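Read through the structure below, which is laid out as structure tokens, and then see the notes.
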Amino acid sequence: MDHATQVRLTREVLAHLDARTTALAPDIMYQATAAYDSPERLRQEKDILFRKYPLLMGLSGQLRGPGDFLTDDFSGVPIVVVRDGDGVVRAFLNVCQHRGARVAQGCGNTGRVFTCPYHAWSFDLTGKLVGIPHGSNFEGMDKDHRGLVELPAVERDGLIWVVPTPNANAKLDIDAHLAGLGPELANYGLAGYHHHETRIMHRKLNWKIVIDTFLEPYHFAFLHADTVGPIFFPNLCLFEAFGPHLRETLPRRTIETLRAKPEAEWDLIPHTALVYVLFPNTVLVMQGDHVETWRVFPNADKVGECVMYLDFFVPEPAETESARRHWDRNMDLTIRTVDEEDFPVGEGIQSGIAAKAQSEMVFGRNEPALAHFERSVTEAVTAGQ
Ligand code: FES
Ligand SMILES: [Fe+2]
């Protein structure tokens, strides 16, 4: 985030504090609960959002050198992402072109080739089929057409994006997709961050309700009274849309200290949590001293269940015991807040919806980011039919 934007947002926060106000949506929004428990709606979301949109697969720090790879099945498509010998990030369907076994498992470094565990066909880091044991049995087969199937992928400013549908002719135009948010993300220098830890969580709530929990501080003073509530101002946020994406600014109480400093010295980052929705399914949080990404997916065809990755990225590798302890404590507070407070409430909401207890819920004008996210999902699904 550039300094001019930091000054603008800081001024807005301080003005809201003085006036005891918050950013407002133009109207109250009524949201049909069917969005969270209709199997048909989930099918549309999977076909459109989780097949056609660029999904964040990780940060560059997870694939530092040639041969570093990660796998990801949660979009419903088995994907392997790798840094090739020229340093280019590529993505493939994680499907062997012999009989379809997964060529890569988990994450790590694969060396110069992926070797399928079934019959040991091997593929180089550009996906080319380069080795077949007892190859004479396949004489006459066109090896050039048995390479791994490539997916559109791009690495930009430390973020790795993949579209989970093969399309040899498609160029992934991430700048257009980010709708003006790209330069702000670039400014954070995310390529320099180091991966600290990943947690994978399965929970019994619709994937969108997970994202909703990040999108308003209206609940902070109540639900989070003993965890993060006291760090922030309750019911005070800023909101800005970038196409379907968004930035929600959550000021920490320490922001008041900026009043005593000249604007030229204002640094907003340590005094906020900056929550971005990278549409459709990633929440990226700039936490002042570290970065969290929450990548949330439907759990197969179960409309009331989700699976998510929480990844922690830190500015320096945690090489000492005290550094590790510091980040572990941070991770614990994050997990305790979200997993012991937000998600149990979300699971309660999901079971209420399943019981058809209400047909719509209501988003107040003080929940503009939430309204924007849910409206963007509905619009994308409607437009993609
Ligand atoms: S399925 Fe991969 S080598 Fe046979
Ligand atoms: Fe919360």
Side-chain angles (χ1 to χ4, degrees), residues 22 69 71 78 80 92-105 110 113-124 127-138 141-143 145-149 201 203 205-237 239 248-252 272-277 283-285 287 292 294 296 306 308 310 330-350 361 363-364 366-370 373-374:
T22 182
F69 74 95
T71 60
V80 55
F92 304 98
L93 293 179
N94 188 7
V95 176
C96 178
Q97 293 299 299
H98 174 218
R99 281 175 42 209
R102 277 174 169 67
V103 296
Q105 319 284 337
T110 191
V113 292
F114 289 108
T115 302
C116 180
Y118 203 177
H119 313 90
W121 282 28
S122 54
F123 302 86
D124 74 12
K128 193 170 168 347
L129 173 60
V130 292
I132 303 179
H134 308 288
S136 59
N137 297 291
F138 293 86
M141 180 190 79
D142 181 0
K143 270 172 77 173
H145 284 91
R146 307 302 300 183
L148 297 176
V149 175
M201 291 174 258
R203 295 292 178 270
L205 65 168
N206 183 268
W207 69 277
K208 299 188 299 299
I209 295 180
V210 171
I211 295 181
D212 291 351
T213 63
F214 291 92
L215 297 184
E216 42 80 17
Y218 180 29
H219 69 287
F220 280 13
F222 313 110
L223 188 62
H224 301 316
D226 299 322
T227 50
V228 297
I231 300 171
F232 295 92
F233 294 104
N235 201 36
L236 170 52
C237 68
F239 160 70
E248 174 199 28
T249 304
L250 300 169
R252 297 172 197 269
T272 48
L274 292 156
V275 175
Y276 295 89
V277 173
V283 177
L284 184 148
V285 189
Q287 281 284 18
E292 293 162 19
W294 298 80
V296 193
C306 68
M308 72 199 100
L310 163 59
N330 255 282
M331 185 88 169
D332 285 346
L333 177 63
T334 303
I335 296 277
R336 192 149 49 91
T337 304
V338 175
D339 207 30
E340 294 180 11
E341 295 175 351
D342 289 299
F343 293 166
V345 167
E347 292 192 347
I349 291 170
Q350 191 69 44
M361 55 177 79
F363 303 151
N366 58 341
E367 303 177 281
L370 172 58
F373 169 64
E374 290 294 346

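In this chain, residues are counted from 1 in sequence order. Counting convention: from 1, in listed order, for ligands and their atoms alike. Just so it is clear, the model here is predicted, and its values are computed rather than measured.
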Discussion item. Side chains of Leu250 and Val275, heavy atoms from C-beta outward: is any pair under 4.5 Å?
Written reply: yes
Worksheet entry | Ligand-residue contact atoms, ligand 1 with His119, heavy atoms, under 4.0 Å | 1 (S), 3 (S), 4 (Fe)
Discussion item. Within ligand 1, which atoms have a heavy atom of Ala101 less than 4.0 Å away?
Written reply: 1 (S)
Please list every donor-acceptor pair under 3.5 Å in which a side-chain atom of residues 212-222 meets a protein atom from a residue at least two apart or in another chain.
unit_1, atom_1, unit_2, atom_2, d
Asp212, OD2, Tyr36, OH, 3.3
Thr213, OG1, Val210, O, 2.6
Glu216, OE1, Tyr218, N, 2.9
Glu216, OE1, His219, N, 3.2
Glu216, OE1, His219, ND1, 3.1
Glu216, OE2, His219, ND1, 3.2
His219, ND1, Glu216, O, 3.0
His219, NE2, His224, NE2, 3.0
His219, NE2, Asp342, OD1, 3.2

Item to complete: Report yes or no: do Asn137 and His134 form a side-chain donor-acceptor pair below 3.5 Å?
Response: no
Worksheet item: What's the SG-atom 2 (Fe) of ligand 1-SG angle here (Cys96, Cys116), rounded to 10 degrees?
Response: 110°
Worksheet item: For the Fe ion (ligand 2), which N, O or S atom of His219 is at the shortest distance?
Response: NE2
Worksheet item: So which protein heavy atom does atom 1 (S) of ligand 1 come closest to, and at what separation?
Response: Arg99 N, 3.4 Å
Item to complete: May I ask you to check if any N/O/S atom from Glu341 comes under 2.8 Å of the Fe ion (ligand 2)?
Response: no
Worksheet item: Any sub-3.5 Å donor-acceptor pair from Arg252's side-chain atoms to Phe232's backbone N or O?
Response: no
Fill in: Atom nearest to atom 4 (Fe) of ligand 1 - His98, N, O or S atoms considered
ND1
Worksheet item: Just which atoms of ligand 1 are under 4.0 Å from any heavy atom in Trp121?
Response: 3 (S)
Discussion item. So, of the N/O/S atoms that Asp342 has, which is the nearest one to the Fe ion (ligand 2)?
Written reply: OD1
Discussion item. Is it the case that the side chain of Asn94 and the backbone of Arg102 share a donor-acceptor pair, with hydrogens and angles ignored and the cut-off at 3.5 Å?
Written reply: no
Worksheet item: So do the side chains of Ile335 and Leu310 get within less than 4.5 Å of each other, counting heavy atoms only?
Response: yes
Discussion item. Need the ligand 1 atom indices (1-based, order shown) with element for anything under 4.0 Å from a heavy-atom of Ala120.
Written reply: 3 (S)
Worksheet item: Going by the order shown, which atoms of ligand 1 are within less than 4.0 Å of some heavy atom of Tyr118?
Response: 1 (S), 4 (Fe)
Worksheet item: Sub-3.5 Å donor-acceptor pair from the side chain of Glu341 to the main-chain atoms of Asp339, do we have one?
Response: no
Discussion item. Donor-acceptor check, side chain of Thr22 to backbone of Cys237, threshold 3.5 angstrom: yes or no?
Written reply: yes
